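Order of the sequence lines fixes the chain letters, A, B, ..., with proteins taken first and strands second; residue numbering starts at 1 for each chain. If you're wondering where the values come from, they're calculated on a predicted model, not measured in any experiment.
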Number of protein chains: 2
Amino acid sequence: MAVLGALSVVPMTGYALREQIRDTLGHFWSESFGQIYPTLAELERQELVERQSPEDSRSTPYSITEAGLARLRDLLSEPPQTPKPRSGLMLRLFFGAQLEPGAGRRLVADARSQAEGQLAEMASARAELSKDSRLAPNAAYILLTISAGEHAARATIAWADEALAELARLETATP
Amino acid sequence: MAVLGALSVVPMTGYALREQIRDTLGHFWSESFGQIYPTLAELERQELVERQSPEDSRSTPYSITEAGLARLRDLLSEPPQTPKPRSGLMLRLFFGAQLEPGAGRRLVADARSQAEGQLAEMASARAELSKDSRLAPNAAYILLTISAGEHAARATIAWADEALAELARLETATP
DNA sequence: CGCTACATGTAAGGTGTTACATGATTCC
DNA sequence: GGAATCATGTAACACCTTACATGTAGCG
């Protein structure tokens with residue numbers, strides 16, 4: 001879905017595809033080369049994507065076919081399945097009583113500064129979006145995903161501030 | 001880490017372990033039987049967990065050893081690695097221009113009601129926590145993870161409301 | 001000329017889920 | 001006696017990442 005979606009915006013090589021996925025979908029999606037190349041080969045076999053000159057396979061961008069667009073629409077309308085959650089931070093905090101003093105605060109403080117970083121990334125994503133005219137038809141929807149990232153990051157920061165205050169209280173109460 | 005952590009609270013069978021992980025760590029962690037049993041066998045081999053009577057292996061709870069507690073503390077102080085994000089919802093929304101009208105709103109509305117559900121779960125987790133005396137030593141830390149879940153859920157709801165308004169605006173603007 | 005970026009691909013290995021198989025115990 | 005729950009385990013498979021191998025093109 002990610003590959004077809006990206007190619008529906010503009011034709012690209014596999015290499016560029018990975019960069020676009022990393023830079024543009026980065027805050028909610030990721031793919032590695034080991035995924036992308038076999039996927040492209042399979043999509044080409046199914047004639048959902050194609051290359052202009054099949055003879056020279058180097059540096060020739062893949063583009064999506066009509067069948068590919070139809071498949072993309074099918075995939076997009078499947079209900080999203082939420083992956084099983086796996087938060088190492090929460091797991092560590094849950095058993096925080098086992099941690100040495102200060103370790104809990106460090107965990108939360110790190111999470112907070114990561115969220116600050118994400119907030120900055122979202123801001124620059126907004127700036128990028130207005131510059132890249134190829135994304136214009138999708139801009140309204142892309143803004144929704146950026147806004148979601150911002151809401152999530154701000155929620156993390158607000159939680160972290162509360163948690164840090166609580167942890168400070170805990171550790172001074174039982175010295 | 002999850003298995004050792006759970007056994008550090010109270011000895012359990014593998015079956016109970018899975019229930020506890022599902023019910024208590026559920027909103028930020030998950031394990032399947034296919035993970036738990038091989039993990040327990042390996043931990044027993046390393047003498048990080050043990051059973052009271054090795055002869056009768058049925059229904060005998062595993063308990064954590066001293067070495068297991070030490071290992072748990074080591075694991076807990078390792079920096080948490082954030083998994084590569086994979087949000088099917090955001091991916092679909094990003095390419096939302098390809099979706100038929102109304103599909104976008106349905107996606108967001110579903111996410112919103114899921115978040116409402118999570119909020120309710122967090123409320124009942126709070127109630128459970130005050131009842132279960134075995135969790136008392138960890139209660140303060142557990143409350144932090146519950147609070148994180150609530151912040152995240154409320155952020156999702158706030159975002160969804162904004163997104164729904166924006167999507168309604170979009171779809172009436174270009175009929 | 002050597003470094004960096006572009007570009008493609010594969011193989012090995014780790015991780016995790018699902019489904020199946022098996023049997024004991026408990027409860028109605 | 002039969003159904004549900006407790007309990008343990010395994011095998012197949014899907015998925016994904018990392019590391020490696022290979023080569024081209026452009027640039028200072």
Side-chain angles (χ1 to χ4, degrees), chain A residues 1-7 10-26 28-46 49-63 75 78 80-88 91, chain B residues 1-7 10-26 28-46 49-63 75 78 80-88 91:
Chain A
M1 196 186 333
V3 166
L4 286 175
L7 292 180
V10 62
M12 264 180 278
T13 64
Y15 189 88
L17 208 38
R18 197 238 164 149
E19 289 194 321
Q20 284 304 305
I21 290 176
R22 170 163 44 72
D23 298 344
T24 313
L25 312 182
F28 59 79
W29 203 263
S30 76
E31 299 289 353
S32 64
F33 281 136
Q35 287 280 103
I36 289 174
Y37 286 115
T39 298
L40 280 172
E42 175 62 17
L43 290 174
E44 190 172 28
R45 202 190 59 73
Q46 295 177 21
V49 303
E50 63 185 5
R51 295 179 130 177
Q52 297 315 317
S53 48
E55 302 81 36
D56 171 28
S57 83
R58 297 265 152 182
S59 303
T60 311
Y62 287 91
S63 48
L75 288 171
E78 282 176 11
Q81 62 219 51
T82 32
K84 317 259 145 148
R86 278 281 165 99
S87 165
L91 191 58
Chain B
M1 195 185 334
V3 168
L4 286 176
L7 292 180
V10 63
M12 265 180 277
T13 64
Y15 189 88
L17 208 38
R18 200 247 163 137
E19 289 193 321
Q20 284 304 304
I21 290 177
R22 169 162 46 72
D23 298 344
T24 314
L25 310 182
F28 58 80
W29 204 263
S30 75
E31 300 288 353
S32 63
F33 282 137
Q35 287 278 104
I36 288 174
Y37 286 116
T39 298
L40 280 171
E42 175 62 16
L43 290 174
E44 190 172 28
R45 202 189 60 72
Q46 294 177 23
V49 304
E50 62 185 9
R51 295 181 132 177
Q52 298 314 317
S53 49
E55 303 82 34
D56 172 27
S57 83
R58 296 268 152 181
S59 303
T60 311
Y62 287 92
S63 48
L75 288 171
E78 281 176 12
Q81 63 218 51
T82 32
K84 316 260 147 146
R86 278 280 166 100
S87 165
L91 191 56

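For D/dT8, the OP1/OP2 oxygens have a side-chain nitrogen or oxygen of B/Arg51 closer than 4.0 Å.
For the contact set between residues 15-23 of chain B and DNA chain D, defined by any heavy atom under 4.0 Å, the members are B/Tyr15, B/Glu19.
For the pair B/Glu44 CD and D/dT8 P, the interatomic distance rounds to 11 Å; values are reported in whole Å. Atom CG in A/Leu40 sits about 13 Å away from atom P in C/dA7, given to the nearest Å.
Considering only heavy atoms from C-beta on, A/Leu7 comes within 4.5 Å of A/Leu40 through its side chain. A 4.5 Å side-chain heavy-atom check between A/Glu50 and A/Glu44 finds every atom pair outside the cut-off.
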statement: With B for base contact, S for sugar-phosphate-only contact and - for none (protein heavy atoms under 4.0 Å), nucleotides 10-20 of chain C reads B-----BBB--

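B/Arg51 places a side-chain N or O within donor-acceptor distance of the main-chain N or O of B/Thr60, the cut-off being under 3.5 Å.
Applying the side chain to side chain donor-acceptor pair (under 3.5 Å) rule to A/Arg86 yields the partners B/Glu31; only residues at least two apart in sequence or on another chain are considered. Scanning for side chain to side chain donor-acceptor pair (under 3.5 Å) contacts around B/Ser63 gives B/Gln52, with sequence neighbours left out. Under the rule for a side chain to side chain contact (heavy atoms under 4.5 Å, CB included), B/Gln81 has no partner lying at least two apart in sequence or in another chain.
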Donor-acceptor pairs under 3.5 Å, side chain of residues 11-22 of chain A to any protein atom, not counting sequence neighbours: which ones?
unit_1	atom_1	unit_2	atom_2	d
A/Thr13	OG1	A/Ala16	N	3.1
A/Gln20	OE1	A/Thr24	OG1	3.3

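B/Ser87 and A/Trp29 get closest at one heavy-atom pair: N-CE3, 3.5 Å.
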